[in-house]
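Numbered from 1 within each chain, the chains take letters A, B, ... in sequence-line order. These numbers were taken from a predicted model, which means no experiment stands behind them. Only this structure's heavy atoms are used, side chains among them; waters, hydrogens and symmetry mates stay out.
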Amino acid sequence: MPSPAPVQSNFIRDIMIADRESNKYGGVVRTRFPPEPNGYLHLGHAKSICLNFGLAAEFGGTTNLRFDDTNPEKEEQEYVDSIIDNVRWLGFQWDKMLFASDYFEPIYQWAVQLIRAGQAYVCDLNAEEVRQYRGTLVDGGKHSPYRDRSVEENLDLLARMRAGEFPDGSRTVRAKIDMGSPNLNLRDPVMYRILHATHHRTGDDWCIYPMYDYAHGQSDSIEGITHSICTLEFEDHRPLYDWFVDQLGIHHPQQIEFDRLNLTYTLLSKRKLLQLVNDGHVRGWDDPRMPTLSGIRRRGYTPEAMRSFCGAIGVGKTNGTIELGLLEHHVREDLNKRVNRVMAVLRPLKVVIENYPDDLVEELPAVNNPEDESAGSRTVPFSKVLYIEQDDFREVPPKQFYRLSPGKEVRLRWGFFITCTGVVKNDAGEVVELRATYDPATRGGNSPDGRKVKATIHWVSAAHALEAEVRLYETLFSKENPNQVEEGGNFLDNINPNSLEVLSGCKLEPALATAKPGDRVQFERLGYFCCDLDSTEGALVFNRTVALKDSWAKIEKREKGK
RNA sequence: UGGGACGUCGUCUAACGGUAAGACUGCAGACUCUGGAUCUGCGUAUCGGGGUUCGAAUCCCUGCGUCCCAGCCA
């Protein structure tokens, strides 16, 4: 099983090392990844997955995949399926796949035990009353009038709650802790609520469901988890986590909290991602603009890149925000060494080589991946009429532009040197075609007289070109922090209207004829692309995974800014 | 204004009382049949104020700032 590389020290790892040395859990490390199946996994979960699985693997331990499915109103089988698929894709293998709902019976029996011990009671207050009795951040709460019911009455009511005698919201089971605690979680927290809802796994077996706080620690305990890793917002819940397992006298895992991932230009909130999907701002959970694992996968990100990113960002307790550029760096780094190069023209400009024979076609050898000799080579057809990128020609070249312009010579990648001899314009004065001559002696890309050209540009033979649709993506949000909004606004106001640009009529070299959905490739000088699910044999569709670093674009931007 | 946590280059992370380090970004250069990749160089940080100590990012006090908590969500 892969571990996020490079292995970097972090405070949780330090705790595990100390625990191993003190023999705290008999030297064992057992973790769990506990998603709620109420949405798709995203980049933030990837961090948690790499942490939990990576650390356990490093210490020779195991990790369970446990679904935290205690709220039937929000959870669905579709989400369970996607989560299983995503964890596998990331490259991790769990020891056991489990569900909190597997433990509903023991969890119920523990409630009986707590009631018998006088540590829990059935409360008849409704939701609004519970809130009022709870008090505020500054003032303590007051006791529920039902707090001192007899054990017998509590037991009877609990059994009748389970039996379905009471309507939703009419009663709860609460732990009897401390209504005066400055930690609101300890002010007699609700353990069970009545919910006449069909659960995705237990169906209608239950109409009372345990709350997270009452279910999570005990589930960990049952599985013999040693290090229960969760995010910072649960810090205030740890005393409650500890309280339940201590009162019950069962195996006591330790809860450790770390900082959740934040990424610039990105939202990592299941609730908001769900809204983007439901309101149709994206094409679905797996839209390549989404930060979901399904989305980035479709976009062309690799599990290897994700793991190395998660290893690089580190783990701590500070609430920071990672720059998107770091993620992209890891994606490029991985794709650079493993993916084949190919030529594609996204915005075609026709070039006629006037001195090239009308019917001649030459097959020119091209290296597939200069970073990987074993990737071999292929040939690309060259003929009289070609397409080049519109961006690679300027009638009036700006400073430092050394691609094609009238009278200038450039190299066609793996092809010949050509010199632009003329420009054809339409009635609107736009350049629609170029005329050029080629130097037959430069076949393959080198001139025998040793003369140099400043630029090499990509091209596709018109007669042999494959047509394709190419989808270019920008960030889904135009603000670094999508949550930063004007008074009264919301994150939807920050949606980037240019996040998707669909280009049709793109020209690809024939080697791409056999491309299948999921295939990754570099379009030379443009970026890394991934064949999309929507692709069919005759109609190829590619997603831009990430652009190549573009120093010309940087220069151009700087010049314009002057 | 109660409680919990956190403050180290622009960003993220390390240094565990002993020369503040790395990655990303930025800038400059080398090289190049991708203005890609690669390589080299440069730059910027311990939240403020006190203290303890031969010596403090690290320990203590104090101030300031940021985040989380009043779901029958997780």
Give one of base, sugar-phosphate or nothing for [X], where a contact means two heavy atoms less than 4.0 Å apart.
X: Gln400(A); value: base
X: Asp139(A); value: nothing
X: Thr321(A); value: sugar-phosphate
X: Phe234(A); value: base
X: Arg131(A); value: sugar-phosphate
X: Ile208(A); value: nothing
X: Glu235(A); value: sugar-phosphate
X: Phe401(A); value: base
X: Tyr402(A); value: base
X: Leu232(A); value: nothing
X: Leu326(A); value: sugar-phosphate
X: Asn126(A); value: base
X: Gly320(A); value: sugar-phosphate

Is any NZ, NE, NH1 or NH2 atom of the basic residue among [X] and [Y] found under 4.0 Å from an Asp or Glu carboxylate oxygen of the other?
X: Lys74(A); Y: Glu36(A); result: no
X: Arg149(A); Y: Asp124(A); result: yes
X: Arg134(A); Y: Asp139(A); result: no
X: Glu75(A); Y: Arg201(A); result: no
X: Glu389(A); Y: Arg347(A); result: no
X: Glu371(A); Y: Arg338(A); result: no

Can you tell me how far [atom2] of [N] sits from [atom1] of [X], to the nearest Å?
X: Glu128(A); N: rG71(B); atom1: CD; atom2: P; answer: 10 Å
X: Asn446(A); N: rU34(B); atom1: CG; atom2: C1'; answer: 15 Å
X: Asp236(A); N: rC6(B); atom1: CG; atom2: C1'; answer: 13 Å
X: Arg260(A); N: rU66(B); atom1: CZ; atom2: P; answer: 21 Å
X: Asn262(A); N: rC24(B); atom1: CG; atom2: C1'; answer: 17 Å
X: Ile555(A); N: rG29(B); atom1: CD1; atom2: C1'; answer: 14 Å
X: Asp334(A); N: rA37(B); atom1: CG; atom2: P; answer: 15 Å

Nearest-nucleotide pick for Lys317(A), side chain only, options being rG3(B), rC68(B), rA5(B):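 The answer is rA5(B).
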
Determine if Tyr212(A) stacks with rA74(B); use a centre-to-centre distance below 5.5 Å and an interplanar angle below 30° as the criteria. no

What integer number of Å spans the [atom1] atoms of [N] and [M]?
N: rC39(B); M: rA23(B); atom1: P; value: 10 Å
N: rA37(B); M: rG26(B); atom1: P; value: 11 Å
N: rU58(B); M: rC42(B); atom1: P; value: 29 Å
N: rU11(B); M: rU46(B); atom1: P; value: 12 Å
N: rU13(B); M: rA45(B); atom1: C1'; value: 13 Å
N: rG29(B); M: rC47(B); atom1: C1'; value: 37 Å
N: rG18(B); M: rA57(B); atom1: P; value: 10 Å
N: rC27(B); M: rU66(B); atom1: P; value: 32 Å

Let me confirm one number: the SG-CG distance from Cys230(A) to Asp220(A), rounded to the nearest 0.5 Å.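 Going from the SG atom of Cys230(A) to the CG atom of Asp220(A) covers 9.0 Å.
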
Pairwise distance CZ(Arg332(A)) to CG(Leu327(A)) - rounded to 0.5 angstrom: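 It is 10.5 Å, given to the nearest 0.5 Å.
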
For the base of [N], is there a side-chain donor-acceptor partner from [X] under 3.5 Å away?
X: Gln522(A); N: rG36(B); answer: no
X: His330(A); N: rA23(B); answer: no
X: Glu257(A); N: rG4(B); answer: no
X: Asn183(A); N: rG4(B); answer: no

Which residue lies more 5' along RNA chain B, comparing His329(A) with Asp69(A) via nearest heavy atoms: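 Its nearest nucleotide being more 5', the pick is His329(A).
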
Nearest nucleotide by nearest heavy atom, which residue falls closer to the 5' end of RNA chain B, Lys454(A) or Leu137(A)? Leu137(A)

Is the glycosidic torsion of rG7(B) within 90° of 0, making it syn, or is it anti?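 In terms of base orientation relative to the sugar, rG7(B) is anti.
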
Any [X] side-chain N or O less than 4.0 Å from OP1/OP2 of [N]:
X: Arg193(A); N: rA74(B); answer: yes
X: Thr70(A); N: rA74(B); answer: yes
X: Lys554(A); N: rG26(B); answer: yes
X: Arg134(A); N: rG71(B); answer: yes
X: Arg525(A); N: rA37(B); answer: no
X: His458(A); N: rU34(B); answer: no
X: Arg403(A); N: rG35(B); answer: no
X: Thr318(A); N: rU13(B); answer: yes
X: Arg187(A); N: rG3(B); answer: no
X: Lys549(A); N: rU34(B); answer: no

Quick check on Arg260(A): does its CZ atom have over 12 non-hydrogen neighbours (other residues, nucleotides or ligands) under 6.0 Å away?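 No, because the 6.0 Å sphere around CZ of Arg260(A) holds 12 heavy atoms or fewer from other groups.
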
With both distances kept under 3.5 Å, what pairs with rA23(B), Watson-Crick or G-U wobble? rU11(B)

For rG71(B), give the paired nucleotide (Watson-Crick: N1-N3 plus N6-O4 or O6-N4; G-U: N1-O2 and O6-N3; both under 3.5 Å), or none.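 Matched rG71(B) with nothing under the 3.5 Å cut-off.
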
Kindly assign one of parallel, tilted or perpendicular to the pair His45(A) and Phe33(A), based on the angle between their ring planes and the thresholds 30° and 60°.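 Perpendicular: the ring planes of His45(A) and Phe33(A) meet at over 60°.
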
